Amino acid sequence: MTDQALVELAFSMLERSYVPYSHFPVGAALLCADGTVFTGCNVENAAYGSTICAERTALVKAVSEGRRDDFIRLAVVGNSADYCWPCGACRQMLYEFAPNLRVLAARGDGKFMAVSLSELLPYGFGPK
Ligand code: THU
(Lines give C-alpha, C1' and ligand atoms only; values in the text may rest on other atoms or scores of the structure.)
Protein backbone atom coordinates (compact mmCIF):
# COMPACT_ATOMS: atom_id res chain seq x y z
CA MET A 1 0.00 0.00 0.00
CA THR A 2 1.30 3.44 -0.85
CA ASP A 3 1.86 6.15 1.76
CA GLN A 4 -0.83 8.19 0.01
CA ALA A 5 -3.39 5.36 0.25
CA LEU A 6 -2.67 4.86 3.96
CA VAL A 7 -3.07 8.58 4.62
CA GLU A 8 -6.38 8.55 2.72
CA LEU A 9 -7.63 5.66 4.84
CA ALA A 10 -6.76 7.64 7.96
CA PHE A 11 -8.65 10.65 6.57
CA SER A 12 -11.72 8.46 5.99
CA MET A 13 -11.80 7.81 9.75
CA LEU A 14 -12.31 11.47 10.68
CA GLU A 15 -16.07 11.11 10.31
CA ARG A 16 -16.10 8.37 12.96
CA SER A 17 -14.30 10.48 15.56
CA TYR A 18 -16.35 11.20 18.67
CA VAL A 19 -15.18 14.67 19.60
CA PRO A 20 -17.95 16.68 21.33
CA TYR A 21 -15.43 18.36 23.65
CA SER A 22 -12.39 19.28 21.56
CA HIS A 23 -14.08 19.30 18.15
CA PHE A 24 -10.74 18.07 16.84
CA PRO A 25 -11.18 14.82 14.91
CA VAL A 26 -8.12 12.64 14.38
CA GLY A 27 -7.88 9.57 12.17
CA ALA A 28 -5.27 6.82 12.08
CA ALA A 29 -4.39 3.81 9.95
CA LEU A 30 -1.84 1.20 11.05
CA LEU A 31 -0.36 -1.03 8.34
CA CYS A 32 0.93 -4.56 8.99
CA ALA A 33 3.57 -6.34 6.91
CA ASP A 34 0.96 -8.59 5.28
CA GLY A 35 -1.09 -5.59 4.12
CA THR A 36 -3.71 -5.69 6.87
CA VAL A 37 -4.73 -2.22 8.03
CA PHE A 38 -6.22 -1.37 11.41
CA THR A 39 -7.95 2.00 11.48
CA GLY A 40 -8.79 4.22 14.43
CA CYS A 41 -10.30 7.52 15.48
CA ASN A 42 -10.27 9.49 18.70
CA VAL A 43 -13.09 8.76 21.13
CA GLU A 44 -13.61 11.41 23.79
CA ASN A 45 -15.36 11.22 27.13
CA ALA A 46 -17.12 13.61 29.50
CA ALA A 47 -14.33 12.71 31.93
CA TYR A 48 -11.79 14.27 29.57
CA GLY A 49 -8.82 12.22 30.72
CA SER A 50 -10.55 9.01 29.66
CA THR A 51 -10.29 10.04 26.00
CA ILE A 52 -8.45 7.63 23.72
CA CYS A 53 -6.46 8.94 20.77
CA ALA A 54 -6.89 7.71 17.19
CA GLU A 55 -3.48 6.02 17.07
CA ARG A 56 -4.05 4.10 20.27
CA THR A 57 -7.50 3.05 19.07
CA ALA A 58 -5.88 1.55 15.97
CA LEU A 59 -3.10 -0.06 17.99
CA VAL A 60 -5.35 -1.69 20.59
CA LYS A 61 -7.67 -2.92 17.85
CA ALA A 62 -4.67 -4.62 16.25
CA VAL A 63 -3.23 -6.08 19.45
CA SER A 64 -6.64 -7.32 20.55
CA GLU A 65 -6.91 -9.13 17.23
CA GLY A 66 -3.66 -10.96 17.94
CA ARG A 67 -1.17 -8.73 16.10
CA ARG A 68 2.01 -7.64 17.85
CA ASP A 69 5.19 -7.61 15.89
CA ASP A 70 4.51 -6.78 12.26
CA PHE A 71 3.49 -3.13 12.31
CA ILE A 72 5.35 -1.25 9.62
CA ARG A 73 3.66 2.10 9.01
CA LEU A 74 1.16 4.42 10.69
CA ALA A 75 -0.72 7.36 9.24
CA VAL A 76 -2.19 9.97 11.58
CA VAL A 77 -4.24 12.87 10.27
CA GLY A 78 -6.12 15.90 11.53
CA ASN A 79 -7.96 18.83 9.99
CA SER A 80 -5.18 21.09 11.16
CA ALA A 81 -2.93 23.68 9.56
CA ASP A 82 0.12 21.93 10.99
CA TYR A 83 1.02 18.25 10.73
CA CYS A 84 -0.86 16.08 13.21
CA TRP A 85 1.92 14.46 15.24
CA PRO A 86 1.21 11.66 17.69
CA CYS A 87 1.05 12.76 21.33
CA GLY A 88 3.57 11.51 23.86
CA ALA A 89 1.32 8.75 25.21
CA CYS A 90 0.74 7.40 21.70
CA ARG A 91 4.46 7.51 20.90
CA GLN A 92 5.14 5.45 24.01
CA MET A 93 2.40 2.91 23.30
CA LEU A 94 3.57 2.46 19.71
CA TYR A 95 7.21 2.11 20.82
CA GLU A 96 6.28 -0.97 22.85
CA PHE A 97 5.37 -2.91 19.70
CA ALA A 98 7.12 -1.13 16.84
CA PRO A 99 10.15 1.00 17.77
CA ASN A 100 11.12 1.24 14.08
CA LEU A 101 7.66 2.20 12.87
CA ARG A 102 7.47 4.68 10.01
CA VAL A 103 5.04 7.48 10.88
CA LEU A 104 3.18 9.60 8.34
CA ALA A 105 1.76 12.76 9.91
CA ALA A 106 -0.74 14.64 7.73
CA ARG A 107 -2.29 18.05 7.92
CA GLY A 108 -5.75 19.15 6.78
CA ASP A 109 -4.74 19.93 3.21
CA GLY A 110 -3.54 16.34 2.76
CA LYS A 111 0.19 17.02 2.80
CA PHE A 112 2.14 14.70 5.03
CA MET A 113 5.62 14.19 6.49
CA ALA A 114 7.27 10.82 7.04
CA VAL A 115 9.52 10.21 10.04
CA SER A 116 10.53 7.21 12.13
CA LEU A 117 9.09 6.61 15.57
CA SER A 118 12.63 6.62 16.96
CA GLU A 119 12.92 10.22 15.76
CA LEU A 120 9.70 11.07 17.58
CA LEU A 121 10.77 9.19 20.72
CA PRO A 122 14.56 9.05 20.93
CA TYR A 123 16.06 6.90 23.68
CA GLY A 124 12.59 5.51 24.34
CA PHE A 125 11.85 3.14 27.18
CA GLY A 126 10.73 -0.21 25.80
CA PRO A 127 10.52 -3.91 26.55
CA LYS A 128 14.17 -4.49 25.63
N1 THU B 1 -5.57 13.28 19.74
C2 THU B 1 -5.38 12.11 19.03
O3 THU B 1 -6.33 11.42 18.66
N4 THU B 1 -4.09 11.74 18.77
C5 THU B 1 -2.99 12.43 19.17
O6 THU B 1 -1.88 11.93 19.04
C7 THU B 1 -3.15 13.77 19.71
C8 THU B 1 -4.48 14.10 20.24
C9 THU B 1 -6.94 13.67 20.05
C10 THU B 1 -7.30 13.54 21.51
C11 THU B 1 -8.44 14.53 21.62
O12 THU B 1 -9.65 13.85 21.29
C13 THU B 1 -8.16 15.57 20.56
O14 THU B 1 -7.15 15.02 19.73
C15 THU B 1 -7.67 16.90 21.11
O16 THU B 1 -6.62 16.72 21.99
Side-chain angles (χ1 to χ4, degrees):
M1 171 171 291
T2 63
D3 285 356
Q4 183 68 44
L6 195 66
V7 167
E8 282 169 16
L9 261 181
F11 266 112
S12 76
M13 291 304 290
L14 292 179
E15 68 187 43
R16 301 227 177 128
S17 290
Y18 176 72
V19 288
Y21 307 106
S22 75
H23 305 287
F24 186 75
V26 179
L30 181 62
L31 176 68
C32 300
D34 69 354
T36 306
V37 177
F38 292 90
T39 53
C41 62
N42 48 341
V43 181
E44 298 187 343
N45 191 270
Y48 299 167
S50 299
T51 292
I52 183 166
C53 293
E55 306 93 303
R56 275 180 288 154
T57 301
L59 180 66
V60 298
K61 280 172 68 179
V63 174
S64 65
E65 292 299 319
R67 312 303 282 254
R68 283 189 183 176
D69 52 14
D70 65 341
F71 305 129
I72 55 176
R73 219 181 315 151
L74 169 84
V76 53
V77 313
N79 279 324
S80 41
D82 199 358
Y83 299 99
C84 189
W85 298 109
C87 76
C90 289
R91 294 177 195 201
Q92 181 64 37
M93 280 287 287
L94 291 161
Y95 192 84
E96 179 79 15
F97 297 99
N100 299 314
L101 191 70
R102 182 172 145 88
V103 177
L104 313 173
R107 54 189 207 192
D109 66 3
K111 290 199 172 160
F112 59 89
M113 277 181 65
V115 296
S116 67
L117 182 58
S118 57
E119 286 177 87
L120 296 176
L121 190 66
Y123 305 104
F125 183 77
K128 288 189 179 148

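Everything quoted here is computed from the prediction, not taken from an experiment. For ligands, and for the atoms within them, numbers begin at 1 and follow the listed sequence.
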Self-check item: Under-4.0 Å salt bridge between Asp34 and Arg67
Solution: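 Yes, charged N to carboxylate O under 4.0 Å.
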Self-check item: Presence of salt bridge, Arg107 and Asp109, under 4.0 angstrom
Solution: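 Looking at Arg107 together with Asp109, the answer is yes, because their closest N to O distance falls below 4.0 Å.
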Quiz item: Near ligand 1, which protein residues have a heavy atom under 4.0 Å away?
Solution: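 If the criterion is a heavy atom under 4.0 Å, then ligand 1 touches Ser22, Phe24, Val26, Asn42, Glu44, Thr51, Cys53, Ala54, Glu55, Trp85, Pro86, Cys87.
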Exercise. Working to the nearest 0.5 Å, report the span between SG of Cys41 and CD1 of Ile52.
Key: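 That separation rounds to 9.5 Å.
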Exercise. List the atom of Phe24, the atom of Gly78, and the distance in Å for their closest heavy-atom pair.
Key: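 Reported closest heavy-atom pair: CZ-CA, 4.5 Å.
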Quiz item: Could you go step by step and tell me if Tyr21 and Tyr48 meet the ring-ring contact (aromatic ring centres under 6.0 Å, His included) rule?
Solution: CA-CA 8 Å; Tyr21 307 106; Tyr48 299 167; 5.4 Å; yes
Quiz item: Would you find more than 12 non-hydrogen atoms of other residues, nucleotides or ligands less than 6.0 Å from Glu119 atom CD?
Solution: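 Result for CD/Glu119: enclosed.
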